[in-house]
> 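My structure is below; once you've seen it, I'll send some questions.
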Amino acid sequence: MSTQKETVFELARAGKLHASHLIPGHPTTAAGLLDNISPIDLTVIGKIAAGQASDVEAAVTAARASFESGQWSELSPADRKKIMLKWVALLEQHAEELAALDCVDAGKPITECLNTDMPATIDTFSWYAEAADKCFGRISPTGTEALGLITKEPIGVVAAVLPWNFPAQMYAWKVAPALVCGNSVIVKPSELTSLSAYRMTQLAHQAGIPEGALILITGTGEEVGEPLGRHEDVDIVSFTGSTEVGRLFLKYSAESNLKEVVLECGGKSPQVVFEDALLDEAVPSILAAAFWNMSENCSCGSRLIVHSSLKDTLLHKLKQGLDSWKVGLPTDPDVSIGPMVEKAHFEKVASFLQNPGKNAQLVHGGRVHSDLGSGWYIEPTIFDHITPQDRLFQEEVFGPILAVTTFETEEQAIALANDTQYGLAASIYTLDVRRAQRVSRKIKAGTVSVNGFSEGDITAPFGGFKLSGFGGKDKGMEALDQYQQTKAIWYVNQ
């Protein structure tokens, strides 16, 4: 008997993995279809509905009607929790299927999808489900002449616009907190990776979440994302992706109804290694920060800022560590590095191999693999002697290329770490607790990890400074705030 994973792989080979809109009262058949091309071998694994403005209008109308009806928005938080937990149980039953969908759709290594992405996705839904009935309002400190109630209400219609690098996990980060607050949510996955979002939405409806409270619409950013961003009846857009597109959503808001906008955008995260760091313990985390998920990761530690006294030793250890990072077909459980997600992105990343910097020195890698079928594969690459003036130091690559720069003093290290327009994440390696505290405070980033690479678990808010973020946070209790409105109700004692 085939496992869930093997069934998905078989359907992919047969070109039968499809995704369509899930909009109540609206045809699932689309006027247009997009080929869903797997980055693994460039085969067409299915068709994706190509949404248009008319589909967006139907989705927003259905979401607003559902919200105003109260079928989800006025359900008690305890009852919403029960339904969410039923959804969690279904996600657990289908975890292997969902992991395989992300593998073939995004080119993500199946082992990572099974052991990291799906457990984190399910934990997110479970955590927010349990938080649903544990959020309290407040009473204003008044005298006897009045009673002031400060309450939280769902904001209304939420548009969640997702990236392609962590399809299932980013779905959870957006949808779970928005739903538990009582909103109606319209999910727009990337047209490159719609399969797991489609399947999770089906399972949500099976669990009892009303179809109008969780809607899926697929298609391109131009045809679906922009109309959602401009729609007068969408109350908030939560977007993860490039800073360039994030700016567009702010523009759409300004030119329409001044809807709330939450952005989690690009990064150029530093990894700062001081002279007292324990290198043998640091190397696995440094490699994970630099190359995990093919470096298609907003918090990727793509700049290694290392004390000059350690550089040669550290680079030697990093090269040794990369011996176990196998590049290959992501369906292979032993593979750590799969393909770039699409041709345009591959070409962008490959351009850094040809032009890393004026004095750049290749330390490891640098090759494009053409012997792995016909996908877009780049091996983990390290360049030394990168300066702040180099493109590789300043621009987000979103591919497996690590830039190495040295420093002499703590002040230099901090200046180099902050010499970027981004501020999403950073890592510090040192045994000096006081130094760790000083440097953590001075680095301008939303998440700073010490002696390891981490974005924190679901309890910790995630979002960036500068061009990396705007308007709110993903994860933690803080994520609930952006999907609610604060209201003051004032009772006057006559």
> Can you tell me how far CE of Met340 sits from CD of Glu347, rounded to the nearest 0.5 angstrom?
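These two atoms lie 13.0 Å from each other.
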
> Nearest heavy-atom pair of Phe249 and Gly225: which atoms, and what distance?
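Here Phe249 and Gly225 meet closest at CE2-O, 3.5 Å.
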
> Is there a side-chain contact between Ile443 and Asn418 in this structure, where contact means two heavy atoms from C-beta onward sitting under 4.5 Å apart?
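Yes, at least one pair of side-chain atoms sits under 4.5 Å.
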
> State, with a plain yes or no, whether a side-chain heavy atom of Leu216 is found less than 4.5 Å away from one of Pro189.
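A side-chain contact under 4.5 Å exists here.
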
> Less than 3.5 Å apart, any donor N or O on the side chain of Glu96 or Thr3 sitting next to an acceptor on the other?
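Yes.
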
> Looking only at side-chain N and O atoms, does Gln71 offer a donor or acceptor that is under 3.5 Å from a partner on Ser66?
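Gln71 and Ser66 do have a side-chain donor-acceptor pair below 3.5 Å.
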
> Taking His18 for its side chain and Lys47 for its backbone only, find out whether a donor-acceptor pair lies under 3.5 Å.
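Answer holds: yes.
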
> Spell out, as yes or no, whether a donor-acceptor pair under 3.5 Å connects the side chain of Gln394 to the backbone of Asp419.
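Yes; at least one donor-acceptor contact below 3.5 Å.
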
> Any salt bridge between Asp235 and Arg64, counting N to O under 4.0 Å?
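Judged by the 4.0 Å cut-off on N to carboxylate O distance, Asp235 and Arg64 do form a salt bridge.
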
> Can you spot which of Thr240, Val245, Thr243 makes a side chain to side chain contact (heavy atoms under 4.5 Å, CB included) with Cys265?
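For Cys265, the side chain to side chain contact (heavy atoms under 4.5 Å, CB included) test succeeds with only one of Thr240, Val245, Thr243, which is Thr243.
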
> Strictly distance-based, threshold 3.5 Å: is any side-chain N or O of Gln271 a donor or acceptor partner for the main-chain N or O of Leu304?
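Not a single qualifying donor-acceptor pair exists.
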
> Using a 3.5 Å distance criterion without hydrogens, assess whether the side chain of Lys5 forms a donor-acceptor pair with backbone atoms of Ile110.
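Not a single qualifying donor-acceptor pair exists.
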
> Under 30°, 30 to 60°, or over 60°: which ring-plane class applies to Phe291 and Trp325, parallel, tilted or perpendicular?
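The rings of Phe291 and Trp325 stand perpendicular, inter-plane angle above 60°.
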
> Which heavy atom of Ser295 sits nearest a heavy atom of Cys300, and at what distance?
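So the minimum-distance heavy-atom pair works out to CB-SG, 3.9 Å.
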
> Which distance, rounded to the nearest 0.5 Å, do you find between the CG of Leu424 and the OG of Ser269?
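Here the interatomic distance stands at 5.5 Å.
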
> How about Leu353 and Ile401: do any of their side-chain heavy atoms sit closer than 4.5 Å?
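When only atoms from C-beta onward are counted, Ile401 and Leu353 do touch, with a gap below 4.5 Å.
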
> Please check this pair: side chain of Asp102 against backbone of Ala99, looking for a donor-acceptor N/O pair closer than 3.5 Å.
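Checked: no pair found.
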
> Is a donor on one side and an acceptor on the other found under 3.5 Å between the side chain of Lys188 and the backbone of Leu228?
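No: the side chain of Lys188 does not pair with the backbone of Leu228.
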
> Is any side-chain heavy atom of Asp332 closer than 4.5 Å to one of Lys326?
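Side-chain contact under 4.5 Å: yes.
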
> Rounded to the nearest 0.5 Å, what separates atom CZ in Phe166 from atom CD in Glu112?
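Rounded to the nearest 0.5 Å, the CZ-CD separation comes out at 8.0 Å.
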
> Would you name the heavy atoms of Pro356 and Leu392 that are closest together and state the gap between them?
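Taking Pro356 first and Leu392 second, the nearest heavy atoms are O-CB, 3.2 Å.
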
> Can Asn297 and Asn165 be counted as having a side-chain donor-acceptor contact under 3.5 angstrom?
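There is no such pair (donor and acceptor under 3.5 Å, judged by atom type) between the side chains of Asn297 and Asn165.
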
> Validate the cation-pi geometry between Lys174 and Tyr483: distance from NZ or CZ to the six-membered ring centre under 6.0 Å, angle to the ring axis within 45°.
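Judged by the rule (NZ or CZ under 6.0 Å from the ring centre, within 45° of its axis), Lys174 is not positioned above Tyr483.
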
> Got Cys135 and Lys152 here, is their nearest side-chain heavy-atom distance under 4.5 Å?
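No; the side chains remain at least 4.5 Å from each other.
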
> Treating Arg367 as the side-chain partner and Glu379 as the backbone partner, does any N or O pair qualify as donor plus acceptor under 3.5 Å?
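Pair absent, no side-chain N/O of Arg367 close to backbone of Glu379.
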
> State the CE-CD1 distance between Met477 and Ile458, to the nearest 0.5 angstrom.
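Answer for the CE-CD1 pair, Met477 versus Ile458, is 11.0 Å.
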
> Does the side chain of Leu34 come within less than 4.5 Å of Thr220's, by heavy atoms?
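SC-SC contact between Thr220 and Leu34 confirmed.
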
> Please step through side chain to side chain contact (heavy atoms under 4.5 Å, CB included) for the pair Trp87 and Leu179, ending with a clear verdict.
CA-CA 12 Å; Trp87 189 15; Leu179 269 183; 3.7 Å; yes

> For residues Ala132 and Lys81, report the shortest heavy-atom separation together with the two atoms involved.
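In this case the closest contact between Ala132 and Lys81 is CB-CB, 4.1 Å.
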
> Look up atom OG in Ser242 and atom CG in Leu263, then write down how far apart they are to the nearest 0.5 Å.
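The CG atom of Leu263 is 10.0 Å from OG of Ser242, to the nearest 0.5 Å.
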
> Can you tell me which residue among Thr124, Thr121, Thr201 is in a side chain to side chain donor-acceptor pair (under 3.5 Å) with Tyr171?
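Considering Thr124, Thr121, Thr201, a side chain to side chain donor-acceptor pair (under 3.5 Å) with Tyr171 is found only for Thr201.
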
> Parallel, tilted or perpendicular: which fits the ring planes of His345 and Phe398, with parallel below 30° and perpendicular above 60°?
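The arrangement is perpendicular - the two ring planes meet at more than 60°.
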
> Would you please test Trp292 and Thr116 for side chain to side chain contact (heavy atoms under 4.5 Å, CB included) and show each step?
CA-CA 11 Å; Trp292 171 52; Thr116 302; 4.2 Å; yes

> Counting only N and O atoms by type, is there a donor-acceptor contact under 3.5 Å from the side chain of Glu260 to the main-chain atoms of Ile236?
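No; zero donor-acceptor contacts below 3.5 Å.
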
> Please confirm whether the backbone N or O of Gly375 pairs with a side-chain atom of His369, one donor and one acceptor, at under 3.5 Å?
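A pair under 3.5 Å: no.
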
> Given side chain to side chain contact (heavy atoms under 4.5 Å, CB included), test Ile83 with Trp72 step by step and report yes or no.
CA-CA 10 Å; Ile83 295 173; Trp72 181 256; 3.9 Å; yes

> Is there a side-chain contact between Thr331 and Cys103 in this structure, where contact means two heavy atoms from C-beta onward sitting under 4.5 Å apart?
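They are in contact (side-chain heavy atoms under 4.5 Å apart), so the answer is yes.
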
> Compare every heavy atom of Asp105 with every heavy atom of Ile45, then report the nearest pair and how far apart it is.
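The answer is CD1-OD1, 4.2 Å.
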
> Sub-3.5 Å donor-acceptor pair from the side chain of Asp457 to the main-chain atoms of Thr459, do we have one?
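Present.
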
> Rounded to the nearest 0.5 Å, how far does CZ of Phe393 lie from CZ of Arg303?
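Between atom CZ of Arg303 and atom CZ of Phe393 there are 4.0 Å.
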
> Is there a side-chain contact between Asn183 and Ile155 (heavy atoms, below 4.5 Å)?
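Yes; the side chains approach each other to less than 4.5 Å.
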
> Any idea which heavy atoms bring Ile337 and Val335 closest together, and the distance?
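Ile337 and Val335 have their closest heavy atoms at O-CG1, 3.4 Å.
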
> Go through Val262 and Lys473 one step at a time and tell me if the side chain to side chain contact (heavy atoms under 4.5 Å, CB included) criterion holds.
CA-CA 7 Å; Val262 175; Lys473 301 286 186 180; over 6 Å; no

